[in-house]
Enquirer: 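If you scroll down you'll find the structure; I have some questions about it.
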Amino acid sequence: MKLIMAIINNDDASSVSGLLAENGFSVTKMATTGGFLMSGNTTFLIGTSDNKVQRAIELIGKGSRKRKQVVDTSVTAAPHSTMSASVEINVGGATIFVLSVERFEKV
Ligand code: 2BA
């Protein structure tokens with residue numbers, strides 16, 4: 001058995017959730033915050049058998065979009081002065097970790 005942890009942009013969370021549910025995956029969603037942009041994202045926990053991991057990853061990929069986002073950065077140029085600059089970064093689709101599950105119980 002595996003545990004898939006998938007970090008998804010909030011804008012894609014409902015489409016990923018729908019695709020996984022339609023295909024019989026059990027999912028737990030957690031509200032999380034990205035450490036770089038400090039904006040909300042959604043982390044999915046999906047426990048599934050080894051042979052279904054690839055299918056889950058395909059569905060997550062199908063529901064997640066790659067997008068560009070402009071971020072304002074503050075740069076200290078000299079003492080007592082700051083410049084700000086806008087930088088475009090690529091964000092998403094999904095960041096996925098697959099972990100082996102040592103034991104799974106429902107009691
Ligand atoms: P954030 O940490 O808020 O990062 C948002 C986006 O900012 C990232 O998109 C990436 O494009 C960019 N970014 C992150 N760190 C950067 C840096 N040091 N320099 C320049 N750009 C940077 P994604 O790669 O799609 O990541 C989306 C979210 O997935 C991340 O939100 C974070 O919550 C999570 N994530 C990504 N990689 C991770 C990892 N190795 N471990 C844990 N969480 C991760």
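We count residues from 1, following the sequence as given. Model, not experiment: these values are computed from the prediction. Counting starts at 1 for both ligands and their atoms, following the listed order.
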Enquirer: Would you mind checking which non-hydrogen protein atom is closest to atom 15 (N) of ligand 1, with the distance to 0.1 Å?
Expert: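 Looking at atom 15 (N) of ligand 1, the protein heavy atom closest to it is Phe36 CG, 3.3 Å.
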Enquirer: Got a sec, which pairs hit salt bridge (charged side-chain N to carboxylate O under 4.0 Å, His left out) with one end in residues 9-37, sequence neighbours left out?
Expert: Asp12-Arg67
Enquirer: Students should be able to answer this: which protein heavy-atom is nearest to atom 23 (P) of ligand 1, and at what distance?
Expert: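 Protein heavy atom with the smallest distance to atom 23 (P) of ligand 1: Gly92 N, 4.0 Å.
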Enquirer: Out of Thr95, Asn90, Asn9, whose heavy atom sits nearest atom 27 (C) of ligand 1?
Expert: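 It is Thr95 whose heavy atom sits nearest to atom 27 (C) of ligand 1.
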Enquirer: State the atoms of ligand 1, each with its element, that fall below the 4.0 Å cut-off from a heavy-atom position in Gly34.
Expert: 1 (P), 2 (O), 3 (O), 31 (O), 33 (O)
Enquirer: Given that the side chain starts at C-beta and the backbone is N, CA, C, O, which of these parts of Leu37 lies under 4.0 Å from ligand 1, counting heavy atoms, or is it both or neither?
Expert: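 It is both parts that get close, each with some atom under 4.0 Å.
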Enquirer: Please determine whether residues Leu3 and Val27 belong to a single hydrophobic cluster, defined as Ile, Leu, Val, Met, Phe, Trp and Tyr linked transitively by side-chain heavy-atom distances below 4.5 Å.
Expert: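 No, because Leu3 and Val27 fall into different hydrophobic clusters, even though each may have its own neighbours under 4.5 Å.
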Enquirer: Nearest protein heavy-atom contact for atom 44 (C) of ligand 1: which residue, which atom, what distance?
Expert: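 Of the protein heavy atoms, Ile7 CD1, 3.9 Å lies nearest.
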Enquirer: Can you sort out which atoms of ligand 1 are near Phe97, meaning under 4.0 Å from one of its heavy atoms?
Expert: 39 (C), 41 (N), 42 (C)
Enquirer: Does Lys66 reach the side chain of Val91, with side-chain heavy atoms less than 4.5 Å apart?
Expert: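 No, too far: nothing below the 4.5 Å cut-off.
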Enquirer: Please could you name the atoms of ligand 1 that Asn41 approaches to less than 4.0 Å, counting only its heavy atoms?
Expert: 28 (C), 31 (O), 33 (O)
Enquirer: Do Leu59 and Phe25 come close enough that some side-chain heavy atom pair is under 4.5 Å?
Expert: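 Answer yes - side chains close enough.
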Enquirer: Quick one: side-chain contact (heavy atoms from CB on, under 4.5 Å) partners of Ser49, sequence neighbours excluded?
Expert: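 Listed in chain order: Asn51, Lys52.
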Enquirer: State plainly whether one hydrophobic cluster holds both Val101 and Val53, where clusters connect Ile, Leu, Val, Met, Phe, Trp and Tyr through side-chain heavy atoms under 4.5 angstrom apart.
Expert: no
